[in-house]
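Below you'll find the structure, written out as C-alpha cells, and then a few comments.
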There are 2 protein chains.
Amino acid sequence: MKNLKKILKQYFNVAVSVDNVVFGFDADGLKVLLIFRGSEPFTGSWALPGDLISPEMDLEYSAEKILKQLTGLDQVYMEQIQTFGSVDRHPFGRVFTIAYFALIKVENYHPQAASWAKDVAWFKVTEIPKLPFDHREILEYARRLLKNRIRTQPLVFELLPKYFTLTALQFIHESILEEEFDVRNFRKKILSSGIIEETGKLQKNVTHRPAMLYRYNASKAKQLGFEGGILQ
Amino acid sequence: MKNLKKILKQYFNVAVSVDNVVFGFDADGLKVLLIFRGSEPFTGSWALPGDLISPEMDLEYSAEKILKQLTGLDQVYMEQIQTFGSVDRHPFGRVFTIAYFALIKVENYHPQAASWAKDVAWFKVTEIPKLPFDHREILEYARRLLKNRIRTQPLVFELLPKYFTLTALQFIHESILEEEFDVRNFRKKILSSGIIEETGKLQKNVTHRPAMLYRYNASKAKQLGFEGGILQ
DNA sequence: AAATATATTGTAAAAAGTACAATAATTACC
DNA sequence: GGTAATTATTGTACTTTTTACAATATATTT
C-alpha cells in the first residue's frame with residue numbers, strides 16, 4: 001500500500017480551472033464578457049472570467065461560483081463545452097481548464113467586477129483584445145459551438161429579453177449564424193413552429209411603427225418535442 | 001512570491017484521468033469496449049478503458065496513449081466529449097476525468113488486453129455489466145452524444161468497413177437512432193446526397209442475392225459541405 | 001401634410017419528405 | 001433441374017416544406 005501511495009503521488013500534483021465564455025446580446029450584436037485581471041499571472045490583461053477549482057468543490061458548483069465571484073452573475077444558463085489540457089498552457093504548472101459557456105440577458109444582469117477581477121466589460125466578438133493563456137482558442141471554440149447549437153436548440157431565448165420583437169429574433173440569428181434570412185420566410189417558419197407566442201403588447205419609445213412583442217413558450221416548446229431549435 | 005506558492009499548493013493536488021468510450025458495430029448491433037481491471041481500485045470489474053494522465057503529457061496525446069496501452073488500439077477516430085468532476089467519484093482522491101469517445105471498424109482492429117488490463121471485450125450497449133466509478137453515467141452520456149451527432153455528421157463511416165452494403169448502412173442508423181426507416185426512402189436519400197459511391201463489387205459468401213458494395217467518398221462529402229451528415 | 005423609418009403580410013414554384021409493394025438475383029434443398 | 005427461401009432493388013403519387021420575391025401599414029419627425 002505504501003508503494004501505491006508513492007505511485008499515486010506523481011499524478012496528484014496538477015490543478016484544474018474553469019474558464020467561462022459569457023455571451024450577451026444587444027443592438028450592437030453578440031458580445032463576450034471579459035474581466036481585467038488583478039492577479040498573477042497576466043495581471044493587467046483582459047481575460048475570460050475563470051479561476052482554479054478548490055479540490056473540495058464539485059465541478060458544476062465551481063463553475064457557477066467562480067463566475068459569480070468575479071462578475072456577480074448568478075443563476076445564468078451554463079453548459080460545459082470542452083476541456084483544454086496542453087502541458088504549458090499555464091505558467092505556474094500543469095493546469096487543465098474546463099471551459100463553460102454562459103448565455104445571459106444583458107438587460108437583466110449587470111456584471112460587476114469583484115474579488116481579484118479589477119474590471120469587467122462587454123466586448124463585441126469581432127473586437128476582442130489579445131487574451132492570455134489559450135483563451136483566444138477557447139473563445140473561438142465557444143463561438144463555433146454556439147453557432148452549431150443555435151440551429152437545433154432554443155438557446156437564443158437565453159440571450160433575448162423576456163419580451164422581444166420578431167426583428168430582434170431574426171437579428172440575433174443572423175448575427176450568430178453570420179447569414180441573412182428573408183423576413184417573410186423567417187417569420188413564417190418561427191411562427192409556424194409554435195414555440196413563441198404573441199403578448200398583445202407593443203414596443204414603446206421607438207420613432208417608427210412599433211413592433212408586436214412576443215415571448216418564448218418553453219412548456220409548449222418542450223411539449224412539441226423542441227429540445228430542438230428553430231431553424232432546421 | 002513565497003506567499004503565492006503557498007496559495008497555489010492547495011490547488012495543485014488533484015489528478016486528471018481519461019476514460020474512453022469505444023464504440024464498434026457488427027451484425028449484432030452497437031457495441032462498447034470494456035476492460036477487465038487488474039489494478040486498484042475496483043480490481044476485477046469491467047470498466048471503461050481509462051487511466052490517470054501523467055502531468056507531463058498533453059491531453060490529446062494521453063487519451064490516445066492510454067487507449068493504446070490498455071487495448072492495443074491505435075490511430076482510431078477520437079473526440080473529447082465531456083469532463084466529469086464530482087468530488088467523490090474516485091476513492092483515491094480528487095480525480096477529474098475527461099471522457100472521450102472513439103469509433104472503430106471492428107473488422108480492422110483487434111483489441112488485446114495489455115498493461116494492467118487483464119481482459120478486453122465487446123459488450124452490446126443493451127447488455128452492459130455493472131461499472132465502477134461514474135462509468136455508467138459516462139457511457140450513457142456518450143450514447144446520447146453519438147445519437148445526436150449521427151444525424152448531422154458522417155460518423156457512421158468510422159464504424160463501417162471500407163466497403164459496405166446499403167442494408168448495413170441503414171441498419172447502423174437504425175441501431176443507433178433506435179428508429180426504423182423505409183428502405184426505398186432511405187436509399188433515395190443516401191444516394192441523392194452524393195457522399196457514397198458504388199464500387200461495382202458485390203458481396204460474397206452470402207446465401208442469398210448478393211448486395212452491391214458502396215464506399216464513403218470523404219473528399220466529395222467535404223466538397224459538398226458535408227461536415228454535415230446524412231439524415232436531416 | 002410629407003418624409004422617414006421600420007413592421008407586416010401572401011403567393012406561386014421548386015424541392016424534399018412520405019407512404020406504400022412488386023420484382024430480381026442468388027443459394028439451398030429436394 | 002426445379003422450387004423454396006432469403007435478401008436486394010426499384011418507382012410513383014401525394015404531402016409538406018422551402019424558397020424567391022415586393023407592396024402596404026403604422027408610427028414619429030419635420
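Only this structure's heavy atoms are used, side chains among them; waters, hydrogens and symmetry mates stay out.
For A:Tyr163 and A:Tyr214, the ring centers sit 6.0 Å or farther from each other.
In this structure, the CZ atom of A:Phe181 is 17 Å from the P atom of D:dC21, given to the nearest Å. The CZ atom of B:Phe186 sits 13 Å away from the P atom of D:dT9 (whole-angstrom rounding). Taking atom CG on B:Leu169 and atom C1' on D:dA8, their separation rounds to 15 Å, with Å as the unit. One can place NZ of A:Lys189 at 20 Å from P of C:dT8, the figure rounded to the nearest angstrom. A straight line from CG of A:Asn205 to P of C:dT6 spans 16 Å, rounded to a whole angstrom. The distance from atom CE of A:Met212 to atom C1' of D:dA27 is 14 Å, rounded to the nearest whole Å. Between B:Ile190 atom CD1 and C:dG17 atom P there is a gap of 11 Å when expressed in whole angstrom units. Straight-line distance from the CD atom of A:Glu180 to the P atom of D:dA20: 13 Å, rounded to whole Å.
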Protein-nucleotides 9-12 of chain C N/O pairs closer than 3.5 Å?
unit_1, atom_1, unit_2, atom_2, d
C:dT11, O4, A:Lys188, NZ, 2.7

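No donor-acceptor contact under 3.5 angstrom links the side chains of A:Asp58 and B:Ser86, judged on distance only. There is a side-chain donor-acceptor pair under 3.5 Å between A:Trp116 and A:Asp51.
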Pair B:Tyr216-B:Phe164, ring-ring contact (aromatic ring centres under 6.0 Å, His included): steps then yes or no: CA-CA 9 Å; B:Tyr216 176 53; B:Phe164 51 84; 8.2 Å; no
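At distances below 3.5 Å, at least one donor-acceptor pair connects side-chain atoms of A:Thr71 with backbone N or O atoms of A:Leu73. Judged purely by atom type and a 3.5 angstrom limit, B:Asn20 has no side-chain atom pairing as donor or acceptor with the backbone of B:Val22.
When side chains are defined from C-beta on, A:His173 does not count as touching A:Glu179, because their heavy atoms never get closer than 4.5 Å. The shortest side-chain heavy-atom distance between B:Phe23 and B:Leu159 falls under the 4.5 Å cut-off.
Counting non-hydrogen atoms of other residues, nucleotides and ligands closer than 6.0 Å to CD of A:Glu174 gives a total above 12.
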Per-nucleotide protein contact string for nucleotides 22-30 of chain C, where B marks a base within reach and S marks sugar-phosphate only (heavy atoms under 4.0 Å, - for neither): --BBBSS--
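Within the nucleic acid shown, B:Thr167 comes within 4.0 Å of sugar-phosphate atoms alone, with no base atom in reach, counting heavy atoms only.
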